[in-house]
Amino acid sequence: MKNIELLVLDMAGTTIDEDNVVYKTLTNAVNDYGYMVSLEKVLSSCAGMEKLEAITSLLKEIDGNEEDAPAIFENFSDQLKESYQNLDVKPINGAEDFLLNMKAQNKKIVLNTGYTSEIAQQLLDKLNWKESIHFDALITADDVSESRPSPEMIQLAMRKFNITEANKVLKAGDSVIDIEEGKNAGCGLTVAVLSGAQSKSELEKASPDYILNTISEAEGIL
């Protein structure tokens, strides 16, 4: 099997189960502005994207007013902070052991996300996941100028750990955008998981190397 040295793993839906609260909140935040979008529409259109960009492209798709996007994004961010305070956040089944096992094999683990670093850190604090125990670095939409599917977050992760060959990197996520990000970076392996936002038929469109039920199944291919 490929010699994978770095795993770049998405957070919500891939390693962390937050009950789709982000997309539920995003749906509410958009509908507060007089729109009527369903959670299904939001999941298929916005999964994996940086959230302001997601709102803008969603408004475009439903012939809404794109100028509403910044205000909706503010509304979304405020509502999400509140939702997270009361939310029971759990690891996706098997994910915590998977991280610890990979670390024990001296593989580097980067958690990456289309969230802001504030939101990402809130999730990690709730799980009590610690840098250098569960993962080696957190890279968020705040750390790069271009969000997914641009490969910028993965390239930053490679630079952090002096990995020059992208074929030594595995990228895993629960959305098409995650897989496109991995392919754009030239990752040696792209793994889609069914534990999050998108279905098997949606994920197949991105042609990942593997579609697994959960990230812990990746131990079998590593």
Side-chain angles (χ1 to χ4, degrees), residues 1-16 46-51 53-54 92 94-95 98-117 120 124 129 131-198 200 202-222:
M1 203 56 220
K2 287 195 175 77
N3 177 22
I4 296 292
E5 294 178 8
L6 169 67
L7 287 76
V8 179
L9 308 175
D10 174 57
M11 292 177 66
T14 303
T15 48
I16 299 175
C46 303
M49 293 175 83
E50 185 275 316
K51 298 305 172 272
E53 215 167 277
I92 296 274
F98 174 73
L99 297 181
L100 298 171
N101 293 348
M102 290 299 110
K103 292 275 295 156
Q105 294 176 30
N106 292 318
K107 296 187 193 301
K108 294 292 181 200
I109 295 174
V110 169
L111 297 175
N112 86 324
T113 176
Y115 299 164
T116 60
S117 47
L124 293 172
W129 282 5
E131 193 167 317
S132 82
I133 297 174
H134 296 89
F135 62 98
D136 298 286
L138 168 67
I139 295 179
T140 73
D142 291 347
D143 299 315
V144 292
S145 57
E146 276 193 14
S147 54
R148 297 169 177 164
S150 155
E152 215 181 316
M153 282 200 271
I154 295 174
Q155 288 161 348
L156 178 58
M158 289 172 64
R159 284 199 301 278
K160 268 186 196 283
F161 298 107
N162 298 319
I163 291 168
T164 51
E165 297 161 61
N167 64 355
K168 293 184 172 168
V169 182
L170 174 150
K171 164 68 202 194
D174 63 320
S175 69
V176 163
I177 280 216
D178 285 302
I179 302 308
E180 289 173 347
E181 174 195 24
K183 287 188 180 279
N184 289 340
C187 289
L189 280 176
T190 54
V191 175
V193 292
L194 298 172
S195 49
Q198 294 183 331
K200 188 165 194 244
E202 284 182 293
L203 291 166
E204 278 169 347
K205 292 176 194 157
S207 310
D209 295 310
Y210 293 90
I211 298 182
L212 306 176
N213 290 308
T214 59
I215 189 61
S216 59
E217 291 182 3
E219 265 183 76
I221 53 179
L222 295 169

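Remember, predicted model here, so these are calculated numbers, not experimental data.
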TODO: Name all residues meeting the salt bridge (Lys or Arg N to Asp or Glu O under 4.0 Å) criterion together with D10; count only those two or more places apart in sequence or in a different chain, and write none if there are none.
DONE: R148
Task: Non-hydrogen atoms of K160 and A137 that approach each other most closely - done: CD-CB, 4.0 Å
Task: Euclidean distance, I154 CD1 relative to M158 CE, rounded to 0.5 Å - done: 9.0 Å
Open item on the list: Quick check for you: to the nearest 0.5 Å, what is the distance between I215 atom CD1 and I92 atom CD1?
Closed with: 10.0 Å
Open item on the list: Any carboxylate oxygen within less than 4.0 angstrom of a Lys/Arg side-chain nitrogen, looking at D136 and K103?
Closed with: yes
TODO: For the pair T190 (side chain) and D209 (backbone), establish whether a donor and an acceptor sit closer than 3.5 Å, ignoring hydrogens and angles.
DONE: yes
Open item on the list: How close do H134 and W129 get, counting heavy atoms only, and between which atoms?
Closed with: ND1-CA, 3.4 Å
Task: Interatomic spacing from OH in Y210 to CG in L170 - rounded to 0.5 Å - done: 10.0 Å
Open item on the list: Which residues pass the side chain to side chain donor-acceptor pair (under 3.5 Å) test with S195, not counting sequence neighbours?
Closed with: none
Task: Set of residues satisfying salt bridge (Lys or Arg N to Asp or Glu O under 4.0 Å) with respect to E146, sequence neighbours excluded - done: none
Open item on the list: Applying side-chain hydrogen bond (donor to acceptor under 3.5 Å, both in side chains) to T116 and D142, what does each step give before you reach the verdict?
Closed with: CA-CA 6 Å; T116 60; D142 291 347; 4.8 Å; no
Task: Derivation and outcome, side chain to side chain contact (heavy atoms under 4.5 Å, CB included), residues L138 and V110 - done: CA-CA 6 Å; L138 168 67; V110 169; over 6 Å; no
Open item on the list: Applying side chain to side chain contact (heavy atoms under 4.5 Å, CB included) to E152 and E181, what does each step give before you reach the verdict?
Closed with: CA-CA 8 Å; E152 215 181 316; E181 174 195 24; over 6 Å; no
Task: N213 and V193: CA distance, side-chain angles, deciding distance, side chain to side chain contact (heavy atoms under 4.5 Å, CB included) verdict - done: CA-CA 5 Å; N213 290 308; V193 292; over 6 Å; no
TODO: Indicate the atoms forming the closest heavy-atom contact of A192 with P208, along with that distance.
DONE: CB-CG, 3.8 Å
Open item on the list: For the residue pair S147 / E53, report whether a side-chain donor-acceptor contact shorter than 3.5 Å exists.
Closed with: yes
Task: side chain to side chain contact (heavy atoms under 4.5 Å, CB included) partner of V191, chosen from L222, I179, I211, I221 - done: I221
TODO: Output the distance between atom CZ (F135) and atom CE (M11), rounded to the nearest 0.5 Å.
DONE: 7.5 Å
Task: Heavy-atom side-chain proximity of I163 to V169 below 4.5 angstrom - done: yes
Open item on the list: I'd like to know if the side chain of K183 and the backbone of S207 have a donor-acceptor N/O pair within less than 3.5 Å.
Closed with: yes
TODO: Measure across L99 and I109 and return the closest heavy-atom pair with its distance rounded to 0.1 Å.
DONE: O-CD1, 3.4 Å
Open item on the list: Holding to side chain to side chain donor-acceptor pair (under 3.5 Å), I want the full list of residues that pass it with N184, two or more places apart in sequence or in another chain.
Closed with: none
Open item on the list: Do I139 and L111 have side chains that approach each other closer than 4.5 Å (heavy atoms only, starting at C-beta)?
Closed with: no
TODO: Using the test side-chain contact (heavy atoms from CB on, under 4.5 Å), find all partners of A54 that sit at least two apart in sequence or belong to another chain.
DONE: C46, M49
- [ ] Dump the intermediate steps for side chain to side chain contact (heavy atoms under 4.5 Å, CB included) on K171 and N112, then the final yes or no.
- [x] CA-CA 10 Å; K171 164 68 202 194; N112 86 324; 2.8 Å; yes
- [ ] First locate atom CG of L9, then atom CG of D174, and finally report the distance between them rounded to the nearest 0.5 Å.
- [x] 11.5 Å
Task: Side-chain heavy-atom pair F98, T214 within 4.5 angstrom cut-off - done: no
Task: Those residues that, when tested against K168, pass salt bridge (Lys or Arg N to Asp or Glu O under 4.0 Å) (two or more places apart) - done: E5, E165
Open item on the list: Give me the atom names and distance for the closest heavy-atom approach of A47 to A197.
Closed with: CB-CB, 3.7 Å
- [ ] Provide the closest heavy-atom pair for V176 versus E202 in the form atom of the first, atom of the second, distance.
- [x] CG2-O, 3.2 Å
- [ ] Can you measure from CD (E131) to CG (L124) and round to the nearest 0.5 angstrom?
- [x] 9.5 Å
